[in-house]
2 protein chains.
Amino acid sequence: MILNNGGVGYKIPSETELSVSFSASRMTARKAVDEIVNKGLLKRIPSVGTFVEEPPAQSSLLEIKNISKEISARGHRHKMTVLSKMTLIPNDSVAQSLSSFNSKVFKIVIIHFENDIPIQLEERYVNADLVPNFLEQDFSKITANEYLSSVHPLTDAEIVIEAIMPTNILKHNLEIDEKTPCIKVSRSTMSNGYTISHAILYYPSNRYKLTSSIHLTR
Amino acid sequence: MILNNGGVGYKIPSETELSVSFSASRMTARKAVDEIVNKGLLKRIPSVGTFVEEPPAQSSLLEIKNISKEISARGHRHKMTVLSKMTLIPNDSVAQSLSSFNSKVFKIVIIHFENDIPIQLEERYVNADLVPNFLEQDFSKITANEYLSSVHPLTDAEIVIEAIMPTNILKHNLEIDEKTPCIKVSRSTMSNGYTISHAILYYPSNRYKLTSSIHLTR
DNA sequence: ACACTATACCGGTATATACAACGAAGGAAT
DNA sequence: ATTCCTTCGTTGTATATACCGGTATAGTGT
């Protein structure tokens, strides 16, 4: 069954109604709903109903953060500037990590600003076979991560975090001096076994800290 | 109910037996077991039984890594050296983050070695009320994190990751020069609402990268 | 001694039923 | 118009029951 009748906030049929329409017992219907609730896609409100939730964008810790929402949540302005777009024949190691031999790879470099202060340099490689229209997006309106998530739902990710000294490119674009280290986050995102994108994110350590919360209770 | 009859590998009573000894229905007993299974502490084997599992040490991503196991898994030797142990009256900000006003706080500084090369400096503050015997442990045999987990099961954690330039203390103890940045991981661990410990972990960036995998499929 | 079989036990699943707790909505009384 | 109360719908929880498919074990037959 597919619940595309309504988007976020839609109230799904009651457990009793579901059991009738599926010719199952209420307990069985409830169990099915339970699974979706545990995934975070539905939310129960006792005595009221069950509702479609916002997909847990940062579902897993060391969350796949949406930098745009994150900055907005702080009440600040987010701005993106595309430094370069290009199409590569994957010969170097980074491109090959996309496991897209014989095919093209898009590369894009973006700077993210918080209140006009540079806060992240994003260097992203995208599998051109799987996301053919990637470069045509308007990255002043939608982040690369958001667009990719909408095309291919994220199922797996691998993340490596390092501390590095800034290169000349980083110093210039992030407006930092040579004594300011940077956090380098390398993230491969996969969808159903295919590597969609490989992103390298650089943050100036004097303006940004990675944070994460873990709750095991549930 | 407490399942301390047996450790890892112990077979818990069957669902039928549980239902009898607790005067509940099998479905109710099963549901209770279900919750523990979902936490990863029990494992069902159909037609055989339900068994106590190894606690999921790196349950959540940006895992609470066990550096000893991590190094052993690479086939290397792990060694710890305690630099200092002390008992503080919490007046500075770090100690107060343990929310243990009016009580004492243990502080311990440990260096971790991988094949005799320093790889982590651990600066840890522990709530003395909740873990009174902390300083008496033999930290050449059990890591601070392991001991704390055994006393108070981890339920929540907050993590902040930064890139910093090394202080003189870091340069000396991690055997790095002043141009090598470090990853600084600040981690507060909580158990049932109480802050047990606050750890500050420093890694030399030329020898260590934080890694994490995320799998949403389950 | 070995191989095969029957049986009991176990988790996995589905169903029907009953009651509790709570919120929302509507009607009645003031 | 406001307040109170009743009723109904919904989730939350517990119980009893039945059946399935798998494993493990004891027993049987060769």
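Just so we're on the same page: letters track the sequence lines, and every chain starts at 1.
- Each salt bridge (Lys or Arg N to Asp or Glu O under 4.0 Å) pair with one or both residues in residues 198-214 of chain A, not counting sequence neighbours, appears once here: A:K209-B:E162.
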Between the protein and nucleotides 8-16 of chain D, which nitrogen or oxygen pairs are less than 3.5 angstrom apart?
unit_1 : atom_1 : unit_2 : atom_2 : d
D:dG9  : N2     : A:S47  : O      : 3.4
D:dT11 : OP1    : A:T50  : OG1    : 3.2
D:dT11 : OP2    : A:E15  : N      : 2.9
D:dG12 : OP2    : A:R30  : NH1    : 3.0
D:dG12 : OP2    : A:R30  : NH2    : 3.1
D:dG12 : OP2    : A:R44  : NE     : 2.6
D:dG12 : N7     : A:R26  : NH2    : 2.7
D:dG12 : O6     : A:R26  : NH1    : 2.9
D:dT15 : OP2    : B:S25  : N      : 3.3
D:dT15 : OP2    : B:T28  : OG1    : 2.5

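- Ion pairing between a basic and an acidic side chain is recognised when a charged N comes within 4.0 Å of a carboxylate O; B:K184 and B:E123 show no such pairing.
- Residues B:E53 and B:K43 are not paired through a salt bridge, judged by the lack of any N-O separation under 4.0 Å between the basic side chain and the carboxylate.
- An end-to-end axis angle of 10° holds for the helix from C:dA1-D:dT30 to C:dT30-D:dA1, taken from five base pairs per end and rounded to 10°.
- In this pair, A:Y125 and A:H198 present their aromatic rings tilted. The plane angle is within the 30 to 60° band.
- Remark: A:T28 engages A:A24, A:S25 in a side chain to side chain contact (heavy atoms under 4.5 Å, CB included) (not counting sequence neighbours).
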Under 3.5 Å, side-chain donor or acceptor atoms of residues 199-206 of chain B against the rest of the protein: list the pairs with distances, not counting sequence neighbours.
unit_1 : atom_1 : unit_2 : atom_2 : d
B:Y203 : OH     : B:Q120 : NE2    : 2.9
B:S205 : OG     : A:A163 : O      : 3.1
B:S205 : OG     : B:P181 : O      : 3.0

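- Legend: salt bridge (Lys or Arg N to Asp or Glu O under 4.0 Å) pairs involving residues 142-151 of chain A, not counting sequence neighbours: none detected.
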